[in-house]
Structure formats: C-alpha cells, structure tokens
Amino acid sequence: MSSDPTPPATGYLRVRTDRGHRVLELHGEIDIAATVEIIPQLDAETGRPGARIVIDLRHVEFFDCSGLRLLHRARQRVLDRDGELRLVCTHPLTLRVLKVTGLARLLPPAPSLDAVLELPEAASGTL
C-alpha cells in the first residue's frame, strides 16, 4: 500500500512512500533534458542518512546514458550515507542497457515493486 503521495516534482518523477521506502517513479523519456529536472529531487531524496530508496523504471519509454548516470549518482549518494537503493525495471531495452554496462550487477533490477521490497538487503545495491 502506498502512502504519503507527493505531487510530481516534474513530469518525469513522482515520489511516494511504500512499506518504509521512498519510491521514485520515473516516467517518459529519461534523457539529458529529463535528468536536469530530476536531479534536484533525486538529490533531496538520496541525501538523507540511511535512506531506503526504490527507483521504479516501469513507466520509462526511453533511457539513455543520462539515465545511467542518474542511477549511478543515486546509488553512490545512498551508499555514501549508509542507505539502500533498489531498482524496478521491466523494459527489455532498458534491461539490456543495464546488463551491457554492468550496472545490473551493482543494482540488480526486480520485475515489480512487490518483488523488490521482498529482497534481502544484500541484494539491494548495498554491496
């Protein structure tokens, strides 16, 4: 169940709380223009000590290297503050990009929000 809905910070990002995790749901085409709008909210969410973050890419239609940098930035900020970051992704092309670049090993994608919130901490990108 979701709670604490936050109005969209941009057309590309919606933030809410679900089972003790902040869920950052990305939408549309995640390219350089989108990341410029997303970064301020991403930094606010990932800058808290011990943050428990899920990035949900299920509503993303396009994802380029700017999106990869966004995920890497989020992962590093969360890990630097002893938090955890989890990823939801089902789009075949985005999954392929994550695998080819090696980011899928650092941040294993799950097929659903339910699946990712049931993962043990060791599988959540905290390694």
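Listed by chain and residue number, Glu45 satisfy the salt bridge (Lys or Arg N to Asp or Glu O under 4.0 Å) test with Arg48 (two or more places apart in sequence, or in another chain). Residues meeting the side-chain hydrogen bond (donor to acceptor under 3.5 Å, both in side chains) test with His91, sequence neighbours left out: none. Every residue two or more places apart in sequence or in another chain that forms a salt bridge (Lys or Arg N to Asp or Glu O under 4.0 Å) with Arg77 is listed here: Asp43. For the salt bridge (Lys or Arg N to Asp or Glu O under 4.0 Å) test, no residue two or more places apart in sequence or in another chain qualifies with Arg69.
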Verify side-chain contact (heavy atoms from CB on, under 4.5 Å) between Arg86 and Ile53, making sure each step is shown before the conclusion.
-> CA-CA 6 Å; Arg86 299 176 183 196; Ile53 306 287; over 6 Å; no
Would you please test Glu25 and Val15 for side-chain contact (heavy atoms from CB on, under 4.5 Å) and show each step?
-> CA-CA 6 Å; Glu25 187 177 282; Val15 179; over 6 Å; no
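Counting heavy atoms from C-beta outward, Leu13 and Leu24 have side chains that approach closer than 4.5 Å. The shortest distance between side-chain heavy atoms of Gln76 and Asp80 falls below 4.5 Å. At a threshold of 4.5 Å between non-hydrogen side-chain atoms, the residues Leu117 and Asp18 count as touching. Residues Asp114 and Arg19 have side chains in contact (heavy-atom distance under 4.5 Å, counting atoms from C-beta outward). Arg22 places none of its side-chain heavy atoms less than 4.5 Å from the side chain of Val54. A heavy-atom distance below 4.5 Å is not found between the side chains of Pro108 and Leu87. At a threshold of 4.5 Å between non-hydrogen side-chain atoms, the residues Tyr12 and Leu26 do not count as touching. You'll find the side chain of His21 reaches within 4.5 Å of the side chain of Glu84, heavy atoms only.
Shown here for Thr35 and Ser66, the closest heavy-atom pair between the two residues is CG2-O, 3.6 Å. Taking every heavy atom of both residues into account, Ala110 and Val116 meet most closely at CB-CB, 3.6 Å. Between Val36 and Pro40, the closest heavy-atom pair is O-CD, 3.4 Å. Between Ile30 and Gly67, the shortest heavy-atom contact is CG2-CA, 3.9 Å.
Distance SG/Cys89 to CD1/Ile55: 11.0 Å, rounded to 0.5 Å. Leu71 CG to Leu57 CG: the interatomic distance, rounded to the nearest 0.5 Å, is 5.5 Å. Once rounded to the nearest 0.5 Å, the distance linking CZ of Arg73 with CD1 of Ile38 reads 11.5 Å. Rounded to the nearest 0.5 angstrom, Leu70 CG and Asp31 CG are separated by 11.0 Å.
Under the ring-ring contact (aromatic ring centres under 6.0 Å, His included) criterion, the residue pairs touching residues 31-59 are His27-His59, with sequence neighbours excluded. Pairs engaging residues 94-104 under the side-chain hydrogen bond (donor to acceptor under 3.5 Å, both in side chains) rule: none recorded [sequence neighbours left out].
Between the Ser112 side chain and the Ala115 main chain, a donor and an acceptor come within less than 3.5 Å of each other. Counting only distance, with no hydrogens or angles, the side chain of Arg16 and the backbone of Val23 share no donor-acceptor pair below 3.5 Å.
Side chain to side chain, Arg58 and Thr90 fail the donor-acceptor criterion of an N or O pair below 3.5 Å.
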